[in-house]
Amino acid sequence: MTVYSFTMTNIQFIQNQVNTSAKNIEATLQLLSEDCTIPFISRYRKDQTGNLDEVVIEQIAKLSKQYDEIVKRKESIIKSIEEQGQLTSELAKKIQDSFDLQEIEDLYLPYKKKKKTKADVARENGLEPLAKVLMAQNADDIEFIASKYLNDKVANEDEALQGARDIVAEWINENIYIRKNLRRIFQRKAVITTKVVKTKKDEEAAQKFNQYFDWSEPISKAPSHRLLAMLRAESEGFVKLNVEIDPDRSGEEAIEFIENNTIKNNKETAEHLRLAIKDSYKRLLEPAISNETLQEAKAKADIKAIDVFAGNLSQLLLAPPLGEKRILAIDPGYRSGCKVVCLDEKGDLLYNETIYPHQPQNETAMAMKKIKSMVNAYNIEAISIGNGTASRETEFFIKKIAFDKPVQVFVVSEAGASVYSASKIAREEFPNYDVTVRGSVSIGRRLSDPLAELVKIDPKSIGVGQYQHDVDQTKLKEELDTVVMRCVNSVGININTASKSLLSYVSGIGEKMAENIVAFRSENGPFDDRKQLKKVPRLGDKAYQQAAAFIRIKEGKNPLDNSAVHPEAYPIVEKMAKDLGLKTNELIANKEKISLVKPENYTNETVGILGIKDILKELEKPGLDPRKAAKIFEFDPNVKTINDVRSGMILPGIVNNITAFGCFVDIGIKESGLVHISQLKEGYVSDVNEVVKLHQHVQVKVVEVDEERKRIQLTMVF
C-alpha cells in the first residue's frame, strides 16, 4: 500500500485558524485522544492547555476532525487517480500540498467518474488531436485541418469542429485557475433573484413569502434569515430561485475573463475558442459555480442561524431557577379547564386536579376554593402558570385569591411542554397519568429548575430558533448537544435528584451510564459519597475521573462532594487545611483563612497554579449556582388580547426569542411583538445579543398593530 506524506500537520492546520500556541493545541489534542471531555479539560486541565476555554477547545476538536476528513479524502482521490494509471508525481504533490477541499476537488475533476459527456463522445470519435490544434492557436486553415478527422461517425468539418469545441469546453471547465477566479467573481458579484410561480401566487400559504415574489439582491449581502426564507419559499414551490452574476449582461464579465485567459491571438481558431468558452460557461461552469455559491451562502446562513439558536438555548437553559420549593403548576385552558398539579421540593407529583374557572363553565368560586385548599394542604410556596391559551385570565384569577400566607406567582413559557408530555421520557416518569397532567408537571418543574426540565425536550421544540428546520440538521444537533452539555456541566447536578435525561449530559456519563446510575440509586438509595459512583455497573475509572466533579452530593460524608473541587484534588485541600491547623470542613467558606493560602505551595504534576486558584475560588463559595435567582414579572393588566394593544402604548415585556434581525417580546398576549434590530437602541447594533438576552424584562413602545395579520411592531427606542 502506498504511503502518502502531507505537508501540513494536524497542529499546523489548527493553528492557522485558532489563535493559540502549538503547545496548547498539542496538549488539548492529547487530552482529547485520552477520551477526556471538553468540560473536564476546560475546567480541570487549565495548566496543560494554557487556560483555553470550552469554546476554543470545541473549535480545536472540530478542526482536528476536519483535518482528518480532508486527509482521508485526499488519500481516496490519490488512490482513485492512481488506479486509473494517471497519477503523476506533480499531480500527487499538488493534492498532498493542498488543504483547500474545493481546490482538491478541482484537481480531481478531470479524473472523476461521471456520465458520458459530449467531450467523451468527441474523444471516442478521434477528435482530441483537433481540440489540441484549437488550443495551440497556431493554425489558419482550420476547416482544412478538420477535414482530416472525418470518419464514419464524423460526417463533415462542422461536426468535427463541434466535437473539438466540446472537448475544449470541458478543458476550460476543468481549469483550476479559471474555476478559482470565477468563484471570486461570483462571491463578489452574484445576485440572488426570486420570481413567484404564477400558479401558486394566490395560495394562502404563499402569502407569508410575498416579499420574495419579485426579489433581487447581492447574495453576499443577503442576511441569514432572508436567504433561508427564500430557500424555504423555493422548496415549498412558491418561487423560482436563481443565482448569477451581471444578470442583465448574460455573464459577459465571466466570459470576457475566460477569453482573456485563454485566447492568445486573433487567428482562425479564436472564433472557435470563443464558441467553446461561451458553451463551457453556460453549460458547465455557470451552473456549477452558481450552485457552489448558493451552497456556500447557505452554509454561512446555517452557521449564523445555528449560532443564534445555540445562544438562545444557552440563555434559556441557564434561566434563573426558583430552587427547591413546593409548587402548584397550572396548564391554563377554557372549555377543557385548567390542569392543576402539586409538586414537592424535588418535583415529585403529589396531587392533580382539573378546575373550570373560565368560560363556558365559569366555576370561579369553586375553583378558588380548590386552589386555596391545595395551597394549604400541600404547603405550596409558589404558583407556576403556563403562558399559553387563557394564561392572563388564569393569572388574574389566581391573584384574586386571598391566601393564608404569601405565595409567589410566576408565568412561565410552556413551549415544548406538550412535546415532553407525549414523549417516551414522560411516559416512563408518569406511566399512570395522561398527557395533560404530564404537561402541567413540566410547567411546574421548569420554574423550579429550567435546566433540569428542558434537557428532556428536543431543543428544536422549545421555540427559540430561527429557521431551525431549514439548516443542516447534523450540524444543528451537534451544536445544540454541545450547548446542553456545556450548560449542565457549568451548573453541576444533584446526583440524588437528577433525572436520567439530565445525567446523560454530565461529562463522561452518556445515556446508558445515566440509566445505570438511576437504577443503582433506586436499588441502593441516595448516594452519600462521590466514590460510590465507582460501584455503578460499567462506570470505570475514566468515567469517574470525567464525571465526579460535576455531580453534587448535598449533606454527604465529605463536604467537598457538594463542590466543584475534583476528587483528585481532595488531598491538596486537606493539606491546605492541615497547614492552617484546621479540619477540611473548617476551611470551606472561611475567606479569611483561604486568603492565607499560597497557591505555589500546593501545585503538583496534575494540578498547576491555575488549578489551585480555581480550587481556592471554589472553597470560598462551594457549589455556588452560577444562575441568578428567579424574579416575579407582571404584564400590563389592561392588555389581554391583541385588540387591547394600541400604537403609542408603553408596556412591560419579556424577551422570548432572539433572531439575527431582532427580538420577539411577550407582552402578555398570544402574539409576541417584534423589536427590529434597528429599534433596540440608539445607534448601530451588529448583534442583537449585545443589547438583550432571552427572558430579559424590558419596556417596549408599540409602533404598529396589524390585527388582521396578527403582527405587532415594537421599539425600545423612546
Side-chain angles (χ1 to χ4, degrees), residues 31-45 324 344-348 424-425 428-429 431 449 451-452 455-456 481 484-485 487-575 577 583-585 588 604-607 611 614-615 618-619 622-623 625:
L31 289 163
L32 288 167
S33 72
E34 294 168 3
D35 293 327
C36 293
T37 68
I38 291 171
F40 174 81
I41 296 168
S42 66
R43 180 70 196 251
Y44 299 106
R45 292 296 181 263
E324 294 185 358
D344 68 12
E345 296 89 345
K346 293 181 180 178
D348 291 333
K424 182 185 174 192
I425 295 170
E428 287 175 353
E429 283 192 289
D449 190 340
L451 177 62
V455 293
K456 300 173 187 175
D481 282 348
V484 178
M485 180 173 275
C487 292
V488 169
N489 290 287
S490 70
V491 172
I493 60 104
N494 182 336
I495 191 142
N496 289 320
T497 59
S499 66
K500 181 177 70 178
S501 303
L502 189 60
L503 278 164
S504 68
Y505 284 104
V506 173
S507 164
I509 298 295
E511 198 172 328
K512 185 62 187 168
M513 202 74 74
E515 283 181 15
N516 293 351
I517 291 171
V518 171
F520 183 87
R521 189 174 69 195
S522 299
E523 193 174 325
N524 299 282
F527 289 83
D528 59 11
D529 192 317
R530 276 175 172 167
K531 284 182 286 190
Q532 275 182 287
L533 270 173
K534 293 183 177 182
K535 295 180 181 178
V536 174
R538 304 182 68 123
L539 200 154
D541 289 342
K542 192 68 188 183
Y544 177 77
Q545 180 201 43
Q546 300 300 303
F550 297 103
I551 65 136
R552 306 281 182 270
I553 299 174
K554 295 185 177 181
E555 299 173 1
K557 291 179 181 177
N558 189 330
L560 290 173
D561 283 352
N562 193 30
S563 75
V565 176
H566 197 285
E568 68 188 9
Y570 284 7
I572 295 173
V573 177
E574 288 159 7
K575 187 172 188 307
K583 292 180 180 177
T584 301
N585 65 330
I588 295 171
N604 60 30
E605 286 183 9
T606 306
V607 186
D614 271 356
I615 291 168
E618 180 63 21
L619 288 174
D625 193 322

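The figures here come from the full heavy-atom set of this structure, side chains too, leaving out hydrogens, waters and symmetry mates. In this text, all values refer to a predicted model and were calculated from it rather than measured experimentally.
Side chains of Asn562 and Ile553 form no contact here, defined as non-hydrogen atoms less than 4.5 Å apart. You'll find the side chain of Val607 reaches within 4.5 Å of the side chain of Ile615, heavy atoms only. Counting only heavy atoms from C-beta outward, the side chains of Arg521 and Val518 approach each other to under 4.5 Å. Residues Gln546 and Val506 fail the side-chain proximity criterion, which asks for heavy atoms closer than 4.5 Å. With contacts defined as side-chain heavy-atom distances shorter than 4.5 Å, the pair Glu429/Lys456 qualifies. Two residues are said to be in side-chain contact when any heavy atoms from C-beta on lie closer than 4.5 Å; Leu533 and Ile495 meet this criterion. Considering only heavy atoms from C-beta on, Ser563 comes within 4.5 Å of Leu560 through its side chain. Under the 4.5 Å side-chain criterion, counting only non-hydrogen atoms from C-beta, Glu515 is not in contact with Ser504.
To the nearest 0.5 Å, the span separating CD on Gln532 from CD1 on Ile551 amounts to 9.5 Å. Here OG1 of Thr497 is found 8.0 Å from CG of Asp449. Values are rounded to the nearest 0.5 Å. Distance CD/Gln545 to OG1/Thr37: 9.0 Å, rounded to 0.5 Å. The structure places CG of Leu539 at 13.0 Å from NZ of Lys535, a figure rounded to the nearest 0.5 Å. Separating the CD1 atom in Ile509 from the CG atom in Leu502 is a distance of 11.0 Å, to the nearest 0.5 Å. Asp528 contributes atom CG, which lies 11.0 Å from atom CG of Asn558 (distance to the nearest 0.5 angstrom).
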Next on the checklist: For a side chain to side chain contact (heavy atoms under 4.5 Å, CB included) check, start with the C-alpha distance between Lys500 and Glu428, then their side-chain angles and the critical distance, and finish with the verdict.
Outcome noted: CA-CA 11 Å; Lys500 181 177 70 178; Glu428 287 175 353; 3.3 Å; yes

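For Asn496 (side chain) and Phe527 (main-chain N/O), a donor-acceptor pair under 3.5 Å exists by modelled atom type. For the pair Asp561 (side chain) and Gly556 (backbone), a donor-acceptor distance under 3.5 Å is absent. No donor-acceptor pair closer than 3.5 Å links the side chain of Arg552 to the backbone N or O of Gly492. Within the 3.5 Å criterion, the main-chain N or O of Asp344 finds no donor-acceptor partner in the side chain of Asp348.
Aromatic pair Phe550/Tyr505: ring centres not closer than 6.0 Å.
Here the closest heavy-atom approach between residue Ala564 and residue Arg43 is recorded as CB-NH2, 3.5 Å. Closest approach of Asn585 and Pro559 over heavy atoms only: CB-CG, 4.0 Å. Of all heavy-atom pairs spanning Ser507 and Asn489, the tightest one is N-OD1, 2.9 Å. Taking every heavy atom of both residues into account, Ala543 and Gly508 meet most closely at CB-O, 3.7 Å. Between Met513 and Pro537 the shortest heavy-atom distance is SD-O, 4.0 Å. The two atoms that bring Val488 and Ile493 nearest to each other are CG1-CG2, 3.8 Å, heavy atoms only.
At most 12 heavy atoms of other shown residues, nucleotides or ligands fall within 6.0 angstrom of atom CD in Glu555. Shown here is Glu574, whose CD atom has more than 12 heavy atoms of other residues, nucleotides or ligands within 6.0 Å. Counting non-hydrogen atoms of neighbouring residues, nucleotides and ligands closer than 6.0 angstrom, the NZ atom of Lys531 reaches no more than 12 such neighbours. The local environment of CD in Glu34 is crowded, with over 12 non-hydrogen atoms from other residues, nucleotides or ligands closer than 6.0 Å.
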